[in-house]
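Counting convention: from 1, in listed order, for ligands and their atoms alike. The model shown is predicted, which means the values in this text are computed figures rather than measured ones.
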Amino acid sequence: MTTTVGQYLSTRLGQIGLKHHFAVAGDFNLILLDELLTEGSTKQIYSCNELNCGYSAEGYGRANGAAAMIVTFSVGALSAMNAIGSAYAENVPVILVSGAPNTNDHGSGHLLHHTLGNTNYGYQAEMMRHITCATEVIFSAENAPHQIDHAIRTALRARKPAYIEIPCNLANAPCPAPGPVSSLLSEPAADPASLEAALEETGRFLYARDKVVLLVGSRMRASGILDLLPALADRMGCAVTVMAAAKGFFPEDHPAYRGVYWGEVSSPGAQELVEGADGVLCLGPIFNDYATVGWRATLRPEDTLLADLQSVTVNGRVFEGFSIAQYVEALAARAPRRAGSAEIPRQPLPAIPQAPRDARLTNDEMARQINALVDSNTTLTAETGDSWFNAVRMNLPGGAKVESEMQWGSIGWSVPAALGGALAAPDRRHVLMVGDGSFQLTAQEVAQMVRYELPVIIFLVNNHGYVIEIKIHDGPYNYIKNWDYAGLIAAFNAQDGHGLGLRATTAGELASAIEQARANTNGPTLIECDLDRSDCTETLVKWGTKVAAANGRPPKVS
Ligand SMILES: Cc1ncc(Cn2nnc(CCOP(=O)(O)OP(=O)(O)O)c2C)c(N)n1
C-alpha cells in the first residue's frame, strides 16, 4: 500500500489533531499544496505573507497543541524564521514545511531563482537547525516517512518547532503509507528511580518550610497540565501566584490565587508574599530580564525549587528522566499540606472608576471596559507594549485565557496569532489588544480575518507611538506615522467583507463600539482607541525605567 510524500505529511498532520494548516504559495511548494488539498485532512488557510503565516501557526499551536505551515524555499522560509523563533522561545510545536529545489539540481551547477545565487542550497536547513528541535531535508521518497515522523514526534515531545524540507519533485512521489500515529504521540515513560528521588527531595524541601508559595511560569503552557494545578494547590493548601507571562494559567477565582508576581510591578501583595515566603515552588518559570524587572526581582536559590519541563532542581540537586506532567501528577497525590502562605489574604487589584460617557477616553477606562468584556470563555491576546501591563492588571473570570509573547517579544506577533487562535478555538471569544506601533508590522492579516469571517475584537491602542520604547529610552525613532486604523477595514472589506472599523475618543464611544463588536459575529471588529501619548499604565513607567537601567549597565572592567 503506498501514498505520496505530500499525502503522508497531510495524513500525519490530521492524525496529530490539526484541522488547519497555514500556507503561502510559491513555485517550490505548489505540488505539495495540491497533495495536502487532495488528501484533505486539514483545511488550507492562506496568509498575506510568510511571517504572518508563521505567527498564525504559532497562535494556532498555542490553542490547539501543535500547528503546521507550508512555505516556499528561501524567500518564504527565511521570512518565516522570526515566527519560528517565537515558537521556539515560547515552546510551541510548529511544523515548518518548505518546498525546495528539484533533486536533480543539487550538484548540477544550476543557479536557481529565490536562492542566494550560488549552487549551495543547504543554507536554509543550516539556518533552521538553530531554531528547531529537528531539521529533516528529504532527498528520497522512500525515506520520507521516517523523516516526517521523526520531525513531528520530536516537536511534540520537545514542545518546539521542527523543520521539514521537501523538494518540489518529491511532493507527489510514491512512498510507503503511514503506520499507527501512536508512535508519534506516545510520551516516554518516567524513569521510576529518578522520579521517586525527585519527589523525596521535594518532600525534604517542603517539610523544612511552612510558608511555601507556588509560582507558575510561562513554560507551563507546554506542560499540558494546567488543569492539574488547582489540584496541587488544593493538596498543599498554599498560596499560588503566576508570573506575568503566565497570566491566566491558574484560575483567578480559585481561593488560593494571590496575583501576578513581577517584582516591584507585581499585583498588590504578591511581591511581599513571594519574596517573604520561606520556600517558592516554581513551575516552568522564565526568569529573563523583563520578568525580573532588569534583574532586580530575584529569588533566593536555597529557598527555590525549580521544576522545568524535563527536570527538577531542589536542595542543590538536579533530577531528570521524567516530564513536569509526571512530576506534578505524582506531587499532587503526595505533597504535604503547607497552608501557611494562604493565611495571608489576597489584596484586590485597584478598581478603576467608570468614566463619564462624554469623558476623553483614557487608558484606564479602556482597560476597564475591555476587562468587562472578558468572560470565562474569552481568550485575550496581548501584544508587546503597554498591552502587556493592561492585561496583567485585569481581573480574569475562571476559564478566561491570556496569550502573550513575553520571551520572544516580537511586535506584530499578536494580529496573526489572534487569527490562528480564533481558527483553533472557534467556540471562544477572541479579544486582541495591540498598540499602533506593533499593528503596523502585520496589519494586513486583519484582511484574512475578514476573509475567513473570524469575529476577533481588536482594540487598537493608538497612543501615537512606541510608548513602551519611549518609557525605556526615548528618541525620535519612537514616533511613527499615524494611520486611519478604523478606515483600514473598508479597504480590507473590498466588496466581500464583514469587517467593522470603529474609532473611540470618549468612554461612551468605546462602550457603543464594544456593543457593536459583540453583535458583529461574521468578521473582525477593529476599535481604534485614541489615547494621549502620555497616557499609559504606571507599571509600564516603573518597569521601563528599571529595564533601561539594566540595559545601561557599564561593561565590566576586567
Ligand atoms: C520585530 C520587533 N521590532 C522591534 C521591536 C522593539 N519594540 N518593542 N516594542 C516596540 C514598540 C511597540 O509600540 P506599540 O505597539 O505602539 O505599543 P505601546 O505604545 O507600548 O502600547 C518596539 C519598536 C520588537 N520588540 N520587535
- Query: Is there a heavy atom in V461 that sits closer than 4.0 Å to ligand 1?
  - Reply: no
Ranked by distance from atom 20 (O) of ligand 1, the top protein heavy atom is I468 N, 2.9 Å
field: Close N or O approach (L540, ligand 1; < 3.5 Å)
entry: no
- [ ] Take every heavy atom of G465, measure it against each atom of ligand 1, and state whether any distance is under 4.0 Å.
- [x] yes
Within the 6.0 Å centroid threshold, strictly below: W262 and Y290: no
Per-atom filter on ligand 1: closer than 4.0 angstrom to a heavy atom of G435 are 14 (P), 15 (O), 16 (O)
Quick note on ligand 1: atoms under 4.0 Å from a heavy atom of N463 include exactly 18 (P), 19 (O), 21 (O)
Closest to atom 22 (C) of ligand 1 among protein heavy atoms sits E469 CG, 3.5 Å
### Query
Given the rule in the side-chain contact (heavy atoms from CB on, under 4.5 Å) test, do Y88 and V94 qualify, once you have shown the distances and angles that lead to the verdict?
CA-CA 9 Å; Y88 194 97; V94 171; over 6 Å; no
Paired with E264, the side chain to side chain donor-acceptor pair (under 3.5 Å) test is passed by just one of K546, K542, Q271, namely K546
Going by the 4.0 angstrom heavy-atom rule, the piece of I411 near ligand 1 is both
Verdict with reasoning, L361 to T505, per side-chain contact (heavy atoms from CB on, under 4.5 Å): CA-CA 5 Å; L361 185 58; T505 62; 5.6 Å; no
request  = Assess whether side-chain contact (heavy atoms from CB on, under 4.5 Å) is satisfied between K471 and T545, documenting all intermediate values.
outcome  = CA-CA 7 Å; K471 298 307 175 188; T545 48; over 6 Å; no
Show the numbers, then the answer: is there a side-chain contact (heavy atoms from CB on, under 4.5 Å) between E509 and T506? CA-CA 5 Å; E509 287 173 356; T506 67; 3.2 Å; yes
| Would you call N288 and Q407 a side-chain contact if the rule is heavy atoms closer than 4.5 Å? | yes
Min over S387, S410, S86, S438 of heavy-atom distance to atom 1 (C) of ligand 1 lands on S410
Worksheet entry | Polar proximity ligand 1 side, N82 side, N/O cut 3.5 Å exclusive | no
If we number the atoms of ligand 1 from 1 as shown, the ones under 4.0 Å from a heavy atom of G409 are 24 (C), 25 (N), 26 (N)
Of all protein heavy atoms, the one nearest atom 17 (O) of ligand 1 is G385 CA, 3.9 Å
task = Taking atom CD of E538 as the centre, report whether more than 12 heavy atoms of other residues, nucleotides or ligands fall under 6.0 Å from it.
result = no
